[in-house]
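Have a look at the structure below, then the notes.
Naming convention: chains lettered A, B, ... in sequence-line order (proteins, then strands); numbering from 1 in each chain. Since the model is a prediction, treat every value here as computed from it, not as a measurement.
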Number of protein chains: 4
Amino acid sequence: MVSKFLNLDSEKQNRILNAAINEFAEKGYENASTNDIVKEAGISKGLLFHYFKNKKQLFLFLYDYCIDVSLTEFYKKIDLNERDFFVRLRQIHLIKAELLNKYPKMLKFIEVANIEKSSDIENDLNVINKDELENASKRVFDGIDLSKFRDGIDIEKAINVVIWSFQGFNAKVLEEAKLSSSKQINYDKAFIEAEAYTEMLKSCFYK
Amino acid sequence: MVSKFLNLDSEKQNRILNAAINEFAEKGYENASTNDIVKEAGISKGLLFHYFKNKKQLFLFLYDYCIDVSLTEFYKKIDLNERDFFVRLRQIHLIKAELLNKYPKMLKFIEVANIEKSSDIENDLNVINKDELENASKRVFDGIDLSKFRDGIDIEKAINVVIWSFQGFNAKVLEEAKLSSSKQINYDKAFIEAEAYTEMLKSCFYK
Amino acid sequence: MVSKFLNLDSEKQNRILNAAINEFAEKGYENASTNDIVKEAGISKGLLFHYFKNKKQLFLFLYDYCIDVSLTEFYKKIDLNERDFFVRLRQIHLIKAELLNKYPKMLKFIEVANIEKSSDIENDLNVINKDELENASKRVFDGIDLSKFRDGIDIEKAINVVIWSFQGFNAKVLEEAKLSSSKQINYDKAFIEAEAYTEMLKSCFYK
Amino acid sequence: MVSKFLNLDSEKQNRILNAAINEFAEKGYENASTNDIVKEAGISKGLLFHYFKNKKQLFLFLYDYCIDVSLTEFYKKIDLNERDFFVRLRQIHLIKAELLNKYPKMLKFIEVANIEKSSDIENDLNVINKDELENASKRVFDGIDLSKFRDGIDIEKAINVVIWSFQGFNAKVLEEAKLSSSKQINYDKAFIEAEAYTEMLKSCFYK
DNA sequence: TATGAATGAGTCTTCATTCAT
DNA sequence: AATGAATGAAGACTCATTCAT
């Protein structure tokens, strides 16, 4: 069924893909309207269900697709020869920002999908989650130069602390942007602050 | 209107409260069914709308209610005389765990509400968010003994790193539980690990 | 049941009466809300149904009541000694205008009731219609001096033509007011025009 | 949306049209039930709203449709070469009676629509009213031979008197039928009476 | 392959009416 | 007499999904 979809000329394929990703990203699973998707994609009601047996399968397919595309791009861009952990981490964040720029809806869709509460979806998502994302986040730190870390330190934990710190930092930046009058991220300020955190954490965990 | 509800005998009040919190926590705003709520609460269709003029007002009331109840309990339990940051933080997490145990759906509801995408809800929620929660998270660290922090360190940033680290740690514990066969949190292991993180961070930031 | 209502102190009686007449006049039978009536009257839900077994009975009672009150006032004001048909007719219209001023909702209610399509109501209304209004419209022209009419004319038909003409004229005045910018009746102009019609019809039917 | 409806095979189109006109004519706008309409038309709930976005749009469409159909038929039948006012007027009433026979519900619907109090409807109706009906009622008396009227008479007023008289006469005939045992109009008697009124008015206003 | 008419269970909400107090 | 909590059928409308063409 889905294979039929993959044989479509890519222009139509993309129209459908974009329309659907957009709709789900904007409204979440339950609230997204297949009606609006076909309208936006310029195809008929029946055709969508010709390619995807139901809304759920469409959603799950899109999730797979978005993960694939973004991970592929991600690994294309990352420089695994860079062995310094903090430099690598900064790289990762920069690439994320690039992807967010290039595929804003796609990443929003992934985020929305991971939050999705609809019991219809939740279970089936976890399966893919494990297989695809888990080893992705491992590979991302392959080949890091561990000798730079202070002796006696639990390196795994240290790495986690750094990663979590930057997760938290990102969330803070986003939240501040949302509450600001301009609703815009102040990238310069954020970058300077990020460097300060980096220095602090480096002084904690590096020799 | 809501005042009518508050005059109800508390048994029925609780049945309605629990049914509604449960439903919203499980399915989110849009997908929650007022039909299912009344069925679960064992009341008639009309009665729900006798107390709450519509689904939205019910949701907003519940949000207020849940915030109130959990913050009240939180401040009743927290010992603001404890001035050590790490001890205080451990306290906070333990209280959170307790509350999660006592009112599992309530906290899930709050979380779900804060994520809610439904444009119907989003705006009205932010207002309450800011006023109530913002200064709550400030008070929680009132009276901390800052003299214990290493000289020359940016204390605010250090505190953020610790908080974010434990946020990440908690998420990891939950995720691991979800993927485990037992679906249960292994509290002993988690506690030991948490202590290790605490020690590591203390050695980073404390004198 | 209704007799209970009539024993009420007249202040409360009036509050209920006015609230109900108002509501029905404004929204018609089906669309009127008993909820709004009790709210406006400042009484409880139950009390209304204590006095009137249901919405229909309330409506029918009000119809009776309004007909009674307005007819009573009407006969109190009309001068049955005036024997000239056209003078009497002018009198009738002036009294109608007075009543409309004094009891605007009441007359609007009667009008709305007579138009009412709700099958629930329609039949039961006709019964009262016949008994009460029929002989009212007869008495109104009691004692007219028929000798003033041209010989050989069918007086009944002539009278009908005059009555219908003024009915039509009134409707025209109202319609013009509705479509005008001020939404107000231009009474001066209307009066002059009415006199012209009167003269024309007099010259047709009078000796 | 409505265009979808117009492409329907006319059998089903008519089923829907008749069911809806019937329901609205019988119960008025607010009280009419879309449930009953689809039941009567033998279509599903969803289909009605596939063609008409809501109850209001359906009602407004029907109004347009009914006006169109009845005016078209009316002008097809009327003989604008007949220049005598009274003959023309008789013609008009005969055609009305025919239409009433052919499309009883349609005309009742139009009447009901013009009376409609529902604020939802009232405004949107007036617009169409003015444009369509106003100049219709003018054209209907185009080309009347005014030279037949008595000199010195206000012809416009005279015409109004005649029109209003027959309006009143029609209402009387209908009312009498409603109150009669047979509930049927006695056409023979009505015709004779109408002729008598015609003669009387002719002798008033014609040379 | 492609269409879009058709379905009907489901949505939230209203409202006249009842009844225990 | 008076209250107002409680009912549940009915209201308009939505939407994923099917199917004849």
Next item on the list: Scan D/Asp9, D/Asn14, D/Leu8 and name whichever one has a side chain to side chain contact (heavy atoms under 4.5 Å, CB included) with D/Glu11.
Entry: D/Asp9

Next item on the list: Mind running side chain to side chain donor-acceptor pair (under 3.5 Å) on D/Lys45 and D/Asn35 for me, showing each step along the way?
Entry: CA-CA 7 Å; D/Lys45 214 83 213 289; D/Asn35 268 357; 2.6 Å; yes

Taking atom [atom2] of [N] as reference, at what distance in whole Å does atom [atom1] of [X] sit?
X: B/Leu48; N: F/dG4; atom1: CG; atom2: C1'; answer: 17 Å
X: D/Asp36; N: F/dG11; atom1: CG; atom2: P; answer: 6 Å
X: C/Leu6; N: F/dA1; atom1: CG; atom2: P; answer: 12 Å
X: A/Asn31; N: E/dC12; atom1: CG; atom2: P; answer: 12 Å
X: A/Asp9; N: E/dT1; atom1: CG; atom2: P; answer: 12 Å
X: B/Glu23; N: E/dG10; atom1: CD; atom2: C1'; answer: 13 Å
X: B/Phe5; N: F/dA6; atom1: CZ; atom2: C1'; answer: 15 Å
X: B/Phe49; N: F/dT7; atom1: CZ; atom2: C1'; answer: 14 Å

Next item on the list: Determine whether the aromatic ring centres of B/Phe61 and B/Tyr51 lie less than 6.0 Å apart.
Entry: no

Whether [X] contacts [N] is assessed here as follows: a side-chain N or O lying under 4.0 Å from the phosphate OP1 or OP2. Is that the case?
X: B/Asn35; N: E/dG10; result: no
X: B/Ser44; N: F/dA6; result: no
X: B/Asn54; N: E/dC12; result: no
X: B/Ser33; N: E/dC12; result: yes

Can you tell me the Watson-Crick or wobble partner of [N], both distances under 3.5 angstrom?
N: F/dA1; value: none
N: F/dC13; value: E/dG10
N: E/dT17; value: F/dA6

Item checked: D/Lys4 or B/Lys53, whichever maps to the more 5' nucleotide of DNA chain E -> D/Lys4

Checklist line | Which residue lies more 5' along DNA chain E, comparing B/Glu30 with D/Tyr51 via nearest heavy atoms | finding: D/Tyr51

Item checked: Comparing D/Lys56 and A/Gly46 on DNA chain F - which has the more 5′ nearest nucleotide -> D/Lys56

Let's see if you can work this out: which of [options] has an atom nearest to the side-chain heavy atoms of [X]?
X: A/Ile43; options: F/dC13, F/dT7, E/dT3; answer: E/dT3
X: C/Thr34; options: F/dT17, F/dA12, E/dA16; answer: E/dA16
X: C/Leu47; options: F/dT17, E/dT1, F/dT3; answer: F/dT3
X: B/His50; options: F/dT18, E/dT13, F/dG4; answer: F/dG4

Counting the atoms with a prime plus P, OP1 and OP2 as sugar-phosphate, which does [X] contact under 4.0 Å by heavy atoms, base, sugar-phosphate, or nothing?
X: D/Lys45; value: base
X: B/Leu8; value: sugar-phosphate
X: D/Lys12; value: sugar-phosphate

Notebook entry, point to check: Within the distance-only criterion (no hydrogens, no angle test), does the side chain of A/Glu23 pair as donor or acceptor with the backbone N or O of A/Ala32 below 3.5 angstrom?
Noted result: no

Next item on the list: Can you see which heavy atom on C/Leu47 is nearest to which on C/Lys12, and at what distance?
Entry: CD2-NZ, 4.0 Å

Check: If you draw a 6.0 Å radius around NZ in A/Lys4, do more than 12 non-hydrogen atoms from other residues or ligands fall strictly inside?
Finding: yes

